[in-house]
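In what follows, a single structure is set out as structure tokens and then discussed.
Residue numbers start from 1 in every chain, and the chains themselves are labelled A, B, ... in the order their sequence lines are given, proteins ahead of strands. Small disclaimer: the values here were computed from a predicted structure and weren't measured.
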Number of protein chains: 2
Amino acid sequence: MTEYERVLISFKEILKENGLKFTTQREIILKTLYQNSGHFTPEELLSLIKESYPTLTIGIATIYRTLGLLEKSNIIESISFGAKGKKYEFGTKEHHDHLVCLECEKLIEFYDDTIERQQEVISQKFNFKMTGHSMNIFGICQECQDKKYKK
Amino acid sequence: MTEYERVLISFKEILKENGLKFTTQREIILKTLYQNSGHFTPEELLSLIKESYPTLTIGIATIYRTLGLLEKSNIIESISFGAKGKKYEFGTKEHHDHLVCLECEKLIEFYDDTIERQQEVISQKFNFKMTGHSMNIFGICQECQDKKYKK
DNA sequence: GTTAGTGCAAATCGTTTGCACGGTT
DNA sequence: AACCGTGCAAACGATTTGCACTAAC
């Protein structure tokens, strides 16, 4: 069984448990996020789906509704860009955080054990029941630093 | 000289250096953020100012413009709530991160040396020129956990 | 057949902008 | 006097919602 099949089954179970329906749109959105690793805004995702499935009618509202559902189900994750909206990505096997380049808006993923562990320590200190976290380091990526000197 | 006086002078210097003007509105916004420790949305700040200075006319646009200015000047800091906007706080002496309660939306501040240091390590690993970061731990605060059991 | 999901357009919310007037330098 | 800052309202972009219709169960 592929990873995608496993995720699909678990999504269907979540739907059933909550009296929700498994629709073509929901399947396509999930599949598209799975097949295209990367970070997408809802609009980007809509364009991608429309290109890939020209005969499917699908609206931006459904994208938003489904993304919300998938996020609550812990199948996908989002990262916020302030007033500039959110980007979504398939919730990969292992959690990671991001380096955000302020020049080219690129996201670089990283995973760091020390930080993960320290979060637990901090939560305990405040008797805080941690359900998630986001850690973003802002700055300029190597590529953009290089470009600057070439100008 | 009080801390506020020092900040005010440095703000005035930044304004002068950039050919900008020191206005009543800018002063009131800075003073209000300084005097009211806490995290405010632009709208909340506007209400607070209107209550405190009933004779002053001030619009939401000025709040946004001044908050942007103060943030670029490193006098205040912001934390983003995705599509739900940003909250601003006076840039206290030492940097800190936040525990965000998903139940009551309260922010709890913390400072953790291990995390701060580890960020430098990660940035170096990716040849990333770090200019800032945000780390938010999401979950349920102790108060809200208690409430849940009392219901 | 019942109920939830959909697309569409309108509505909403936070934020930004154009403009004529007023305040600071 | 020159020029920036202001309030106001309109504009904007991301997201949400109401509704009649359609599809999943």
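- The side-chain heavy atoms of T32(A) and S52(A), taken from C-beta on, include no pair separated by under 4.5 Å.
- Ring centers of F40(B) and Y88(B): at least 6.0 Å apart, outside the cut-off.
- Following rounding to the nearest Å, L15(B) (CG) and dC4(D) (P) show an atom-to-atom distance of 13 Å.
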Contacts under 3.5 Å, N or O only, protein and nucleotides 14-17 of chain D:
from    : atom 1 : to     : atom 2 : distance (Å)
dT15(D) : OP1    : K86(A) : N      : 3.3
dT15(D) : OP2    : Y64(A) : OH     : 2.3
dT15(D) : O5'    : Y64(A) : OH     : 3.1

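- We find that CD of E27(A) is positioned 11 Å from P of dC25(D), with the value rounded to whole Å.
- Using a 4.5 Å heavy-atom cutoff, the side chains of I28(A) and K31(A) are not in contact.
- Between Y34(B) and Y4(B), the angle of the ring planes lies from 30° to 60°, which puts this pair in the tilted group.
- Using bins of under 30°, 30° to 60° and over 60° for the plane-to-plane angle, the ring pair H96(B)/H39(B) lands in the perpendicular bin.
- A donor atom on one side chain and an acceptor atom on the other are found under 3.5 Å apart for E89(A) and H98(A).
- Note: CD1 (I63(B)) to P (dT6(D)) measures 10 Å, nearest angstrom.
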Protein-to-nucleotide contact annotation, 5' to 3' order, nucleotides 20-25 of chain C [B base; S sugar-phosphate only; - none; under 4.0 Å, heavy atom]: ---BBS
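- Remark: P of dG5(C) and CD1 of I28(A) are 17 Å apart, rounded to the nearest angstrom.
- Regarding L46(B), its CG atom lies at a distance of 13 Å from the P atom of dT15(C), rounded to whole Å.
- Put simply, CD on Q25(B) is 11 Å from P on dC8(D), counting in whole angstrom units.
- Note on ring orientation: taking the six-membered ring where Trp is involved, the planes of F11(B) and F22(B) are perpendicular (angle over 60°, cut-offs 30° and 60°).
- Going from atom CG of L56(A) over to atom C1' of dT22(D) covers 14 Å, rounded to whole Å.
- In this structure, E44(B) places its CD atom 15 Å from P of dC13(C), rounding to the nearest Å.
- No side-chain N or O of Y111(B) forms a donor-acceptor pair with one of E116(B) less than 3.5 Å apart.
- Of all non-hydrogen atoms in L99(B) and S123(A), the two that sit nearest each other are CD2-OG, 4.5 Å.
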